[in-house]
Structure formats: structure tokens, C-alpha cells
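Only heavy atoms go into these numbers, but all of them, side chains included; no hydrogens, no water, no symmetry mates.
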Amino acid sequence: MLRTHTCGELKKEDVGTYVTLCGWVQSRRDHGGLIFIDLRDRYGTTQVVFNPEKQKRSFDIADTARSEYVAQVEGTVLGRPDEMVNPNLTTGAIEVEGQAITVLNESQTPPFEIESDQEAERAINEERRLTYRYLDLRRPRVKRNIVVRHEMVRFIRNFLSDRKFLEVETPLLTKSTPEGARDYLVPARQHPGTFYSLPQSPQQYKQLLMVGGIDRYFQIAKCLRDEDSRGDRQAEFTQLDLEMSFVERDDVLDLVEEMMITLIEHLNERGYIKKRILQKPIPRLAYDDVMLRYGIDKPDLRFGLEISDITEMVNGCGFAVFADAVKKGGVVRALNARGAGDVLSRSHIDELTELAKKHRAKGLAYIKVKDGGELDSPIVKFLGDELSGAIVKKLGAHAGDIIFFGADHHLIAEEALAYVRLDLGRRLNMIDPEVIALSFTIDFPLFEPEMVDGHYAPMHHMFTMPRKEDISLLDTDPLKVKSWQYDLVINGNETAGGSIRIHVPDIQQKIFDLIGFSEEDEKNFAHMLEAFRYGAPPHGGMAPGIDRILMLLLDEPNIREVMAFPKTGDGSDLVIGAPAFVDPKQLKELGIQSLTPNP
């Protein structure tokens, strides 16, 4: 037996026990003829003391140990005096009197300190951390993230299994179909000239499982999309994929709501996170209402600053920017930044204006409300005192507030004010870091508001069922059709998408026609249409992103911090050096000629 205990479990009641520990040398200290080694493993750290008067040979070996050496230690557990108890360690009430030590493996000097505070960690180049990710994983924070990830997935598996879901694995080698992002392609050696595709999601397979009568399916699924990485997205990611038969929208949302609330409560109880759920039950917000109030379909509900529509109020007003926007069929929206007048300088307002411009707006008008109700703004003289006062009253503004305006096509005004609102929430310190705000966005349009190459573009995906009362509009006014799509939003981040699926072949064919699928495109989905002709049940599901949800629960800046071996921004795995050139013999065997020569 290499060890009898871990380095994180010994307590006061173990005093007098002879133990064997294994781990990494976190630190070695020579104090007045005694050597202290902090031995670390996944479970914690234990202090071991070596006394040359009691065990000279072990003392000499301990004296040679260095940071990150792997060692086995034997000795007796001693209690620490009360004044020497370390409250920061679970083993802080004891230490081990080292009576034997074996160096199991030496270590070179690590390229960065394993044990370092947050400030020192931030100073380490991320590329170096990812190159030596196996060392980075020894850090308490990264290790904690992996542990919490396991606990989250374990909880989900148990939760769904208790509700009669079956975990079913779907193929990784599948067929390339036109669904949005670029596929990763795999050449098929046994079928020269053909390719498998790695799955962007198990979407088609899970629907086929419903046709097969599985009824309730889930999978912790790897998904792969050949697209550029960003903070909350990687080319390779993990989602909880679930699907249910004979359900309507609220059946799916009820299940996901129960799962998310109990998951967060469970992680709180276990001490992994410290988060207070803002609102239970989770609010279900209609898309049109969300876009009006927040300007974006993934609203951050941890703070207010709701947007108001004042289009009718300023119709024909003396301020040309507003009047022209309304005349052209656009909108005028406003939000009241309470207390911003005491915080935001002119340079801050200029920064917000540039932010609005970045999101396609032409500018950002504002009115400051000063003491005594005086209004400070270059646009007041054009609006007039009466209309300006009416706007201030509608927005509920008082001294110290600033009202910001967006005037343009509704898509532009919504987007610009949405990001201004988010920026203000941060600048004005309105976000409680211990609050987690969940919401569902529902009642999405079936299609995007702008056509692409003369065809309609699905807002979710092409398998989303239109609302029954809107099906006739597919022939007359498709842009007015509402769908059974829904999203789960956490703190202003979309963390799951889902829908009730099309299960009727004629409706699926109609959607294919509207989005402009050619006969060749439709052949890619012939198997779906064929399956629907054999008694497909009504079904729907959802796909929460494991990485993104965990990132938000743990307050990490990006999803790389919750993955064991993440990719860099350009999709590289720095640990093993992927992607890489392969032996030309392999390409020849596959019937492939590379246009880029192998260096």
C-alpha cells in the first residue's frame, strides 16, 4: 500500500496514528535544525516535520527534496498546540512526525509557481499555462474547477436518471449537413473520396431516438464546430443534451427549471459556490417584451435600467434625429441611468457614445437631470421644455440621473442601448457578484427579421416547430410566425437553447422550402423526412452548455478555466501540439493530397 491516507483527511482524532502519505512537495522549510515539508495531493496539504535527532537518514533525504518532487512519507500524527493551529488548512490541527521518506520521482523546476496568489497567477502568460496544463491542473483553483465540474455532471446524471431518462451515446462519426457552423471532416478510408463529419450537436440523432420510442434521452455530449474561439465558446465543447417525447414547451422548461435550481442549491450546500438565486420560479419572458425592455434576448436581470419606448412621444418633435428616425419607420428608446450623474464624467459619456457607435448607432443622445429639476443637454432646446419634462417624468428620472437615448431602426436602437445598459450596470456597480439571475426567453419568431439571399433564415434551427396558430402564416407572412423556441439565460449569457421540434414531414418540407434549400440540400436530410413518416411523436428538448454554466457559477473569466485541456484562441492544443502535420503515407492511404507541404 503506497498510502494509508490522503493529504487532506487527517484530523485531531487521528493523533497517535501511524500513517503513510503520498504527494507532491509543495514547499520545504529549514527552521532551526528541523525541516518542514508541506505535502500536497488532490485532497489537501499536510505538514510533515523531520527531526535529525529522531531520524537522521530521513532528515537528510528530506533536506534534498525540492518543489514538486513526488514523495512518500511515513510517520506518526501529532497534534499542534492551539496557538499553532492553521485555520486555513483542513489538516491545520495536526502535523506528521516524519519517520521515513522516499522520493518517488524528482521534478525539474516548474516554469511557474504552482502555489501562487491570484495576482501572481494573472501575471503568468496564459500560453505558458496551457502549454504546461498538467502543471496548471495542480493549482488549487483549477483543480477545484475540475472537481466542481465532476460534481455538476454527477448531479445531472442522477437527477435525470431518477426521472426515467436513458443516457444514450450517439455517433461521433456522422454526416455533414448544412446547419450553420463549419464541420470538422474526417476522411473515410474504407470509402475513398467520402468524409464523416464530427457532430456540431446530436440534434438529428436525438430526434431519431424519439421516433424510436426512447421517450426520454440525455447525453453529456461532445460537440465540435469549426469556428473561432472566444471567451465563452470553443471549437470543442460539452453540452447536456436532452430530449423528451409527448411534451409541450412548459413540460421541458419545468424540468430544466427544477434541475437548474436544485443543482445550484446542491453546489451551494456542498460549499463549491456561494450564489443566491435572484428569483424563483425562473421568470419566462416573451421575446418581444425582452427586446423592448432590455434590447437583447439574453437580458442580465441582476440590475434594473430597463429601456422604455418613447417613439410616439417624439413623433414630429423638433429634434431632427428623433423625428427622422420615426418618419423612416424606426423607433426612439430611452433608459434612465439612476445616479449616473454623480458618477459619470463627460469622458465616460463619450466612451458610452463610442460603444453605441460600435453597435451600429449613429450616436448617443442624453439628458442630465440636475438639482432643482434643471435639465442639462444639447438636445433640450430642440425638444422644448414641455416635451423634455414629459420624457423625464415618463422615465421616472430625478436629480442625479442621466437619460440615454437610441433613435434608429429598431434592431439598431435595441442593440446599441442593450450594450450601453450592460456597460452602465458595471460602471455603476449595480451587479451583486453573489447573485445569479436565471430567466427563460420564450415566444421567439421562427425566422430572423432580415432575409438572406432572398430566403428566410431560422432564428434557432430548421427543426423548430412553429406555433400551431401561426402555421397558416407560413404561406402568407412567414416573418410573423412565432415558434416554440426557448433559451435559458444566466446573468446575461445564453446558456441553453431548445425547442419543440417539427415531427410532421409536410411542415418540415415547408420550412426547407422557405429557407431556400435546394434539392441537393434536402437530400442531406432525407433520412429525417423518411423517419417522420413512420409515426414520429411530438417531442422537444434543450441543450444546456456545461462549460458556460460552470464558468458563470464559478465566476471564471472564460470557459478555458473549467476545461481540463482547453484549446487556445486559434484552436491549438499546446500540450500535445495539435493540430499537426501527418505522415504523407497516411494521406496517400486516404487518397488525400495536401496543398500545404509538410515541412
Side-chain angles (χ1 to χ4, degrees), residues 288-296 299-300 303-430 449:
D288 290 341
D289 187 45
V290 164
M291 296 302 292
L292 176 64
R293 294 164 58 194
Y294 304 102
I296 197 169
D300 191 336
F303 61 99
L305 297 186
E306 291 189 17
I307 299 167
S308 298
D309 184 82
I310 61 168
T311 304
E312 289 304 315
M313 291 182 69
V314 299
N315 188 9
C317 72
F319 184 41
V321 173
F322 290 179
D324 289 349
V326 179
K327 188 176 181 180
K328 293 176 182 177
V331 300
V332 181
R333 303 275 167 82
L335 68 84
N336 178 19
R338 300 187 187 280
D342 299 325
V343 177
L344 301 185
S345 65
R346 177 64 208 211
S347 63
H348 290 145
I349 295 176
D350 290 342
E351 290 172 4
L352 289 171
T353 301
E354 290 304 312
L355 176 63
K357 289 180 178 179
K358 181 180 176 182
H359 291 279
R360 303 187 292 166
K362 298 179 181 67
L364 186 67
Y366 68 90
I367 294 177
K368 283 186 178 181
V369 184
K370 305 181 78 172
D371 291 338
E374 179 186 355
L375 304 182
D376 179 15
S377 169
I379 72 171
V380 169
K381 62 182 178 182
F382 300 107
L383 291 173
D385 292 340
E386 183 177 348
L387 180 54
S388 297
I391 292 172
V392 169
K393 183 177 180 180
K394 178 177 175 64
L395 272 293
H398 299 91
D401 296 347
I402 303 179
I403 301 173
F404 292 97
F405 300 88
D408 214 310
H409 185 281
H410 77 92
L411 293 176
I412 296 175
E414 288 165 353
E415 180 180 329
L417 282 184
Y419 285 93
V420 168
R421 174 184 177 269
L422 292 171
D423 192 270
L424 285 168
R426 290 187 286 267
R427 287 178 186 266
L428 302 177
N429 296 317
M430 302 179 76

Exercise. Does the pair Ile391 and Met313 meet the rule for a side-chain contact (heavy atoms from CB on, under 4.5 Å), with working shown?
Worked result: CA-CA 8 Å; Ile391 292 172; Met313 291 182 69; 3.9 Å; yes
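- Taking the side-chain hydrogen bond (donor to acceptor under 3.5 Å, both in side chains) definition, one finds that Glu306 meets it with Arg293, Tyr294, sequence neighbours left out.
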Donor-acceptor contacts, no H, no angles, side chain residues 369-379, under 3.5 Å, sequence neighbours left out:
from   : atom 1 : to     : atom 2 : distance (Å)
Ser377 : OG     : Tyr366 : O      : 2.4
Ser377 : OG     : Ile379 : N      : 3.1

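- The two residues Leu395 and Ser308 have their closest heavy-atom pair at CD1-OG, 3.9 Å.
- Heavy atoms only, all atoms of each residue included: Gly295 and Ile307 are closest at N-CD1, 3.8 Å.
- Note: Met430 CE to Arg338 CZ = 8.5 Å, rounded to the nearest 0.5 Å.
- Applying the side-chain hydrogen bond (donor to acceptor under 3.5 Å, both in side chains) criterion to Lys362, with sequence neighbours excluded, gives Asp408.
- Note that CD1 of Ile310 is 7.5 Å distant from CG of Leu387, once rounded to the nearest 0.5 Å.
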Would you mind writing out the side-chain donor-acceptor pairs for residues 397-406 within the sub-3.5 Å range, not counting sequence neighbours?
from   : atom 1 : to     : atom 2 : distance (Å)
His398 : ND1    : Gly396 : O      : 3.1
Asp401 : OD1    : Gly339 : N      : 2.8
Asp401 : OD2    : Asn336 : ND2    : 3.4
Asp401 : OD2    : His398 : N      : 2.8

Exercise. Given Leu292 and Arg333, is the side-chain contact (heavy atoms from CB on, under 4.5 Å) satisfied, shown in steps?
Worked result: CA-CA 8 Å; Leu292 176 64; Arg333 303 275 167 82; 3.6 Å; yes
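- A heavy-atom distance below 4.5 Å is found between the side chains of Leu352 and Leu344.
- Of all heavy-atom pairs between Thr311 and Gly330, the closest is CG2-O, 3.9 Å.
- Not counting sequence neighbours, Arg426 has no partner by the side-chain hydrogen bond (donor to acceptor under 3.5 Å, both in side chains) test.
- Considering only heavy atoms from C-beta on, Arg360 comes within 4.5 Å of Leu411 through its side chain.
- The closest donor-acceptor contact from the side chain of Arg421 to the backbone of Leu305 lies under 3.5 Å.
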For this session: Apply side-chain contact (heavy atoms from CB on, under 4.5 Å) to the pair Leu335 and Leu424, showing each step before the final yes or no.
Result: CA-CA 10 Å; Leu335 68 84; Leu424 285 168; 3.7 Å; yes
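- Rounded to the nearest 0.5 angstrom, Leu428 CG and Asp423 CG are separated by 9.0 Å.
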Would you be so kind as to tabulate the donor-acceptor pairs closer than 3.5 Å made by side chains of residues 318-328, with sequence neighbours excluded?
none

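- Note: Leu422 CG to Leu417 CG = 11.0 Å, rounded to the nearest 0.5 Å.
- Using a 4.5 Å heavy-atom cutoff, the side chains of Val420 and Thr353 are not in contact.
- A heavy-atom distance below 4.5 Å is not found between the side chains of Glu354 and Glu351.
- Separation of atoms CG (Leu364) and NE2 (His359) is listed at 12.0 Å; rounding is to 0.5 Å.
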